[in-house]
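Working notes, structure below.
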Amino acid sequence: MEQFVKLGSDMASLWSKYGGTYMGGIWRTLILASVGTAIGCLIGFLCGIVQTIPVSRNDSVVKKVILKIVQVILRIYVEVFRGTPMILQAVFIFYGLPYFTNNSIQFEGKWLVSILVVSINTGAYMTESMRGGIISVDPGQTEGAMAIGMTHFQTMTSVVLPQAIRNIMPQIGNNFIINVKDTSVMFIIGFTDFFAVHKSVVGATFTYFPSAAIEMIGYLTMTLLASWLLRFLEKRMDGKSDYELVAVDQLTLPAGVYHVNAKKSEKDMNPDERAALQKDAQSRIEDRSGKEAR
Amino acid sequence: MADQNVQAGSPSGQMDGQTSGRTAADAIISVRHLSKSFGKHEVLKDIDFNVFKGDVTTVIGASGSGKSTLLRCINLLETPSSGQILYHGQDVMGRHVDAAGYRSHVGMVFQSFNLFYNKNVLDNCMVGQIRVLKRSKQQAYEEAIKYLGKVGMLPYVKAKPRQLSGGQKQRVAIARALAMNPEVLLFDEPTSALDPEMVGEVLDVMSALAKEGMTMIVVTHEMAFARQVSTQVVYMNDGVICESGTPDQIFGNPQSEKTKDFLARFLKR
Ligand SMILES: Nc1ncnc2c1ncn2[C@@H]1O[C@H](COP(=O)(O)OP(=O)(O)OP(=O)(O)O)[C@@H](O)[C@H]1O
Ligand SMILES: [Mg+2]
């Protein structure tokens with residue numbers, strides 16, 4: 001118990017002295033993770049869409065060949081950036097570009113290269129997620145869209161992508177949370193994220209454990225908030241789980257109604273629906289009897 | 001053999017019986033020497049038939065005889081291996097032909113409904129009109145409401161497909177197809193995935209459509225419906241049209257042994 005009290009007071013004194021530094025680290029980590037995830041998702045969406053473009057019989061040979069080449073390049077991109085550690089990718093790009101361009105391309109700040117690396121890395125993962133999301137949308141719906149004359153582009157934008165993106169929302173969240181934690185590897189090129197703050201603070205104070213505790217709480221707060229935000233977004237995307245029955249006055253219909261024996265209604269309906277239908281029917285009967293009485 | 005009888009005397013692939021007097025040039029859809037193979041498996045062999053305005057053509061036959069493949073070829077969801085499909089005399093498989101544009105004139109209703117699960121009932125019926133036919137929102141809304149009303153689904157305009165019963169989904173799918181004002185509607189076993197008590201509600205809608213003069217090609221196992229509603233019945237067996245004619249000819253007085261067998265097996269069930 002005493003230890004906890006001591007830990008608490010150590011953390012408090014650390015925070016009072018270095019609170020601003022920690023917050024700065026949190027801020028930089030959050031920005032790097034969010035911007036990197038956002039750009040990465042964009043890259044992933046685009047690449048995933050390109051990976052699932054079908055070729056049709058009427059396409060010209062040139063189009064088919066170009067598409068195939070692009071798809072192979074994207075495939076290589078995915079494999080390379082999924083298959084190597086991000087820390088190495090950072091080094092590779094930070095030192096590699098100046099090396100290959102005789103120093104004509106150099107990175108001014110750490111921000112640009114950090115965001116670049118996180119985005120490209122996330123993009124590789126999201127490409128595969130997006131491809132999976134697209135092919136997991138029931139192909140029947142694609143046929144349904146084609147059967148009313150929609151093109152591939154129209155089908156994708158109106159039917160497939162909204163569902164694919166909804167389906168991969170959990171993976172977007174996953175990637176964001178992973179990025180919040182893994183951006184700490186950017187210390188290799190001198191980016192001072194939240195974890196780098198820890199290292200500089202303990203370098204000055206030697207309070208390893210209290211600082212680590214602050215880090216733990218800081219990271220957990222970020223990731224829990226992110227999870228919660230994502231759940232909220234998913235709920236919003238799903239819309240309401242019930243729906244209103246719209247009362248219809250048959251007289252306002254522009255044309256005749258086909259006679260339909262919709263016998264199912266009673267048992268399949270929930271009580272609200274049933275009540276609404278009954279009310280609707282009731283009001284129609286009242287209308288009619290009212291007219292007849294006059 | 002009676003089997004050959006059907007095709008004989010109709011060199012341009014024109015049906016005898018019902019359609020005599022009309023030439024293939026008047027047909028909305030004319031299927032000519034259509035064949036389709038999946039790898040080595042030849043599923044359709046030299047299919048020939050015409051569909052004229054107002055025809056209700058039912059296609060019957062055993063499972064695996066190629067009925068769905070035939071419909072899917074007509075709608076170009078499947079690419080025929082050889083032969084032609086003419087739409088008002090024009091080959092729809094030509095390089096210059098816009099397949100999507102053609103499909104917007106030839107609607108299709110599927111066994112599995114294939115509604116858009118991210119859209120509610122109303123939007124399901126509007127999206128094609130707006131994006132394909134470039135109709136205004138207001139116009140699309142009015143058309144959608146008109147046909148949803150006809151199939152008795154107006155109270156459900158705000159529901160999502162997953163909140164509907166099978167019969168309701170199928171009626172929405174029919175309204176979605178109708179809202180595009182197609183010239184021909186293809187139905188691939190529209191009631192096969194439905195519980196028995198919901199079959200009636202969908203068949204009612206289809207009968208009403210037929211009465212209004214809608215041109216339809218219907219693959220079905222509902223023999224009573226085929227007999228009452230259709231103007232032409234096509235019996236398929238193993239990828240070929242074995243026999244075709246009016247409902248009275250096919251059900252009342254089938255010529256081919258295979259047709260007799262099929263109908264007998266069917267009625268026994
Ligand atoms: N995409 C495909 N690839 C390979 N073979 C296929 C494909 N689609 C259909 N077939 C084959 O073609 C044959 C005809 O299938 P089809 O679905 O047209 O039959 P059907 O008459 O509609 O049968 P059912 O009454 O069961 O729906 C079957 O033997 C089937 O295995
Ligand atoms: Mg079938």
Side-chain angles (χ1 to χ4, degrees), chain A residues 56-60 137-155 157-166 237-250 252-265 267-270 273 276-277 280, chain B residues 72 75-77 79 93 95 97 99-110 112-120 127-128 131-133 142 145-146 149-152 154-160 163 165 167-168 171 173 176-177 179-180 182 186 195 197-198 200-201 204-205 207-209:
Chain A
S56 79
R57 189 179 40 93
N58 277 359
D59 289 336
S60 68
V137 174
D138 146 44
Q141 292 185 50
T142 307
E143 292 201 336
M146 284 168 77
I148 54 175
M150 287 169 106
T151 60
H152 175 71
F153 179 77
Q154 291 167 338
T155 306
T157 49
S158 287
V159 179
V160 178
L161 290 182
Q163 294 179 66
I165 290 175
R166 167 62 190 88
M237 286 173 95
D238 286 344
K240 284 188 293 187
S241 61
D242 56 353
Y243 60 94
E244 304 160 49
L245 278 179
V246 180
V248 190
D249 187 339
Q250 302 231 351
T252 64
L253 291 185
V257 174
Y258 296 162
H259 175 69
V260 170
N261 298 318
K263 267 181 269 167
K264 60 129 305 216
S265 22
K267 73 170 187 302
D268 286 9
M269 281 184 175
N270 64 40
E273 287 176 60
L277 261 197
D280 181 32
Chain B
R72 293 169 57 82
N75 208 3
L76 297 185
L77 288 177
T79 308
M93 283 182 284
R95 252 182 189 279
V97 176
Y102 162 69
R103 285 198 201 99
S104 71
H105 301 295
V106 181
M108 179 140 177
V109 174
F110 300 85
S112 49
F113 327 122
N114 295 353
L115 293 178
F116 308 138
Y117 272 70
N118 58 326
K119 296 190 180 299
N120 68 19
V127 62
R131 300 215 57 189
V132 178
L133 304 179
E142 283 167 13
I145 290 291
K146 173 173 153 191
K150 283 196 170 201
V151 300
L154 263 192
Y156 299 90
V157 285
K158 291 187 183 170
K160 288 274 183 78
Q163 295 161 327
S165 75
Q168 292 174 329
R171 285 188 275 144
R176 177 178 74 180
M180 301 294 290
L186 314 177
D195 288 342
E197 70 260 39
M198 292 171 202
E201 67 189 63
D204 287 343
V205 167
S207 306
L209 267 178

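What you see is a predicted model, and the numbers here were worked out from it, not measured in a lab.
Smallest separation of non-hydrogen atoms from G144(A) and R176(B): CA-NH2, 3.8 Å. The shortest heavy-atom contact between M108(B) and A147(A) is CB-CB, 3.9 Å.
Both the backbone and the side chain of Y117(B) come within contact range of chain A, with heavy atoms under 4.5 Å apart. Contact annotation for S112(B): neither backbone nor side-chain heavy atoms come within less than 4.5 Å of a heavy atom of chain A. Looking at F110(B), the atoms closer than 4.5 Å to chain A (heavy atoms on both sides) all sit in the side chain, from C-beta outward. Interface remark: T157(A) contributes backbone and side-chain atoms alike to the contact with chain B (heavy atom separation under 4.5 Å). Neither the backbone nor the side chain of L133(B) comes within contact range of chain A; no heavy atom of the residue lies under 4.5 Å from a heavy atom of that chain. Neither the backbone nor the side chain of V109(B) comes within less than 4.5 Å of any heavy atom of chain A. Looking at N118(B), both its backbone and its side chain come within 4.5 Å of chain A, counting heavy atoms on both sides.
Legend: residues meeting salt bridge (charged side-chain N to carboxylate O under 4.0 Å, His left out) with R166(A), ordered by chain and number and at least two apart, are E234(A), D238(A).
Side chains of N75(B) and M146(A) form no contact here, defined as non-hydrogen atoms less than 4.5 Å apart.
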Applying side chain to side chain contact (heavy atoms under 4.5 Å, CB included) to M180(B) and I148(A), what does each step give before you reach the verdict? CA-CA 7 Å; M180(B) 301 294 290; I148(A) 54 175; 4.0 Å; yes

I would like to know whether S158(A) and K119(B) meet side chain to side chain contact (heavy atoms under 4.5 Å, CB included); could you show each step before the answer? CA-CA 9 Å; S158(A) 287; K119(B) 296 190 180 299; 4.3 Å; yes

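The distance from the CD atom of E143(A) to the CZ atom of R72(B) is 4.0 Å, given to the nearest 0.5 Å.
Side-chain N or O atoms of Q154(A) include one that pairs as donor or acceptor with a backbone N or O of R131(B) at under 3.5 Å.
For the set V106(B), D195(B), L115(B), V157(B), the entry with the most heavy-atom pairs within less than 4.5 Å of chain A is L115(B).
With F116(B) as reference, V159(A) is the one residue of V159(A), T142(A), V160(A) to meet the side-chain contact (heavy atoms from CB on, under 4.5 Å) rule.
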